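Down below is the structure, laid out as structure tokens.
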Amino acid sequence: MSDSNIAFYCLSSILSLLLIFIIFKRKPTKPKLNLPPGKMGWPFLGETIGYLKPYSATTIGEFMEQHIARYGKIYKSKLFGEPAIVSADAGLNRFILQNEGKLFECSYPRSIGGILGKWSMLVLVGDMHRDMRVISLNFLSHARLRTHLLKEVEKHTLLVLSTWKEKSTFAAQDEAKKFTFNLMAEHIMSLQPGKIETEKLKKEYVTFMKGVVSAPLNFPGTAYWKALKSRCKILKFIEEKMEERIQRMKDGNENLEEHDLLNWVLKHSNLSTEQILDLILSLLFAGHETSSVSIALAIYFLPGCPRAIQQLREEHREIARTKKQAGETELTWEDYKKMEFTHCVVNETLRLGNVVRFLHRKALKDVRYKGYDIPCGWKVLPVIAAVHLDPLLFDQPQHFNPWRWQNNGNGSNTSNNNNNFLPFGGGPRLCAGSELAKLEMAVFIHYLILNYHWELIDNNDQAFAYPFVDFPKGLKIQVQPHQL
């Protein structure tokens, strides 16, 4: 090869390298993400096992405590098989909830949708979730709470508490679950407590619930597998009730006294059969579990605070005395509004017990918050319990103190922090049954305080987060009837 050819090839190579350099130099480079500190843990599993390790429900658990101490209130991890941003920051949690459908979206693990159904309100997003929620809100309207649901709550409370006179010791958690299941069964499908079909449904529902809170291992013998079988039986039962109602409507033999959700949905919605089945199952789940645990938590907290019990007695004795003088027996909405200290007890129970520990969301686009980047598609977990138990926001957060809600109305250290209390979530996905849940708790406490004195049999029989809240020993109590 001649010297001229060598020079030509050398010059060509230099020009090519220069051109490549210019092209790459001009190509915009994606800025490096400033992710929160943290670690991703093991492949696939990440830190999920540590995150879900059971701990006392009145704490945030060792995992959260260690991570917050090491990384701060916003950190990254790998949870439920996905990269995640975990938030114990009150401001970020509110930001996430307020931007539902814009920057963030509900994103529960597939196993939840598999067992509750793809049309469950818990897993639905967008317009379909909004439509389902509107149906629930219409049925749980303020007017219905006042005129119909208050009477149902009172009736089922008295049914359960009346049986306590026949037994001195029992598991309070089971009694709370009996109360909420019977209430929701009648509220949703007009099923009467104690009937064979109601008890049969309750048995299947117990099996179903064990699977909802278990590992999603779908092979014969597992709790999840059994739950899927029970789900089929429950849906078949509901569908048979639907067909009976539809036929009665066609025959013109409809019972106008049926004020349940099933009737309401059949009359006022265009939902398909599958959608109605999943809606009813999800509302039975939501209405039963959260309320029953909250009532059990109140029964658990109150014996440790005798002054609160005394103030409750005074409040409810005055309500009962006024009603007796007026010749009234049933509670009215005005009576419910008079339960001012009871509402403080309800708030404090929800704050300290944290039935809903955290929420599942994912980022719909790249988001920047306080200098940190939250990448599009990443899971985001706002931890509600961490905010409720934050000593910078609530004085002595591990202490059961209902009076904190009297001082400034929000239980916080400052009067402008009302939004830090989010037991029912917030934003467009605020729990549709929040007002019913508070009504159930207040009415149950009213009749409990008026009729019984109770003590915890085992002080170590405490609530644990799995992350669902549960009393593994059942919350055994000893009761003595009395009349105030």
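A quick note: this is a predicted structure, and the numbers were derived from the prediction, not measured.
- The number of heavy-atom neighbours closer than 6.0 Å to CZ of Arg321, taken from other residues, nucleotides and ligands shown, is above 12.
- Taking a cutoff of 4.0 Å between a charged side-chain nitrogen and a carboxylate oxygen, Lys337 and Glu334 do not qualify as a salt bridge.
- Counting non-hydrogen atoms of neighbouring residues, nucleotides and ligands closer than 6.0 angstrom, the CH2 atom of Trp333 exceeds 12 such neighbours.
- Using a 4.0 Å cut-off between a side-chain N of Lys or Arg and a carboxylate O of Asp or Glu, Glu199 and Lys202 qualify as a salt bridge.
- Contact detail for Ala57 and Val469: the closest heavy-atom pair is CB-CG1, 4.0 Å.
- Counting non-hydrogen atoms of other residues, nucleotides and ligands closer than 6.0 Å to NZ of Lys362 gives a total of 12 or fewer.
- Between Glu204 and Lys226, no side-chain nitrogen of the basic residue sits less than 4.0 Å from a carboxylate oxygen of the acidic one, so the salt-bridge criterion is not met.
- Residue Tyr336 is tested with His446, His142, His343 for a ring-ring contact (aromatic ring centres under 6.0 Å, His included); the sole match is His343.
- Lys476 pairs with exactly one of Ile457, Leu456, Asp174, Thr169 by the side chain to side chain contact (heavy atoms under 4.5 Å, CB included) rule, that one being Ile457.
- By the 4.0 Å N-to-carboxylate-O rule, Lys200 lies too far from Glu197 to be salt-bridged with it.
- A cation-pi arrangement is present between Arg307 and Trp403 under the rule of less than 6.0 angstrom and at most 45 degrees off the ring axis.
- At a threshold of 4.0 Å, the pair Lys438-Glu435 counts as salt-bridged, since one of the basic side-chain nitrogens sits closer than that to a carboxylate oxygen.
- Under a cut-off of 6.0 angstrom, the local environment of CD in Glu65 is crowded, with over 12 non-hydrogen atoms contributed by other residues, nucleotides or ligands.
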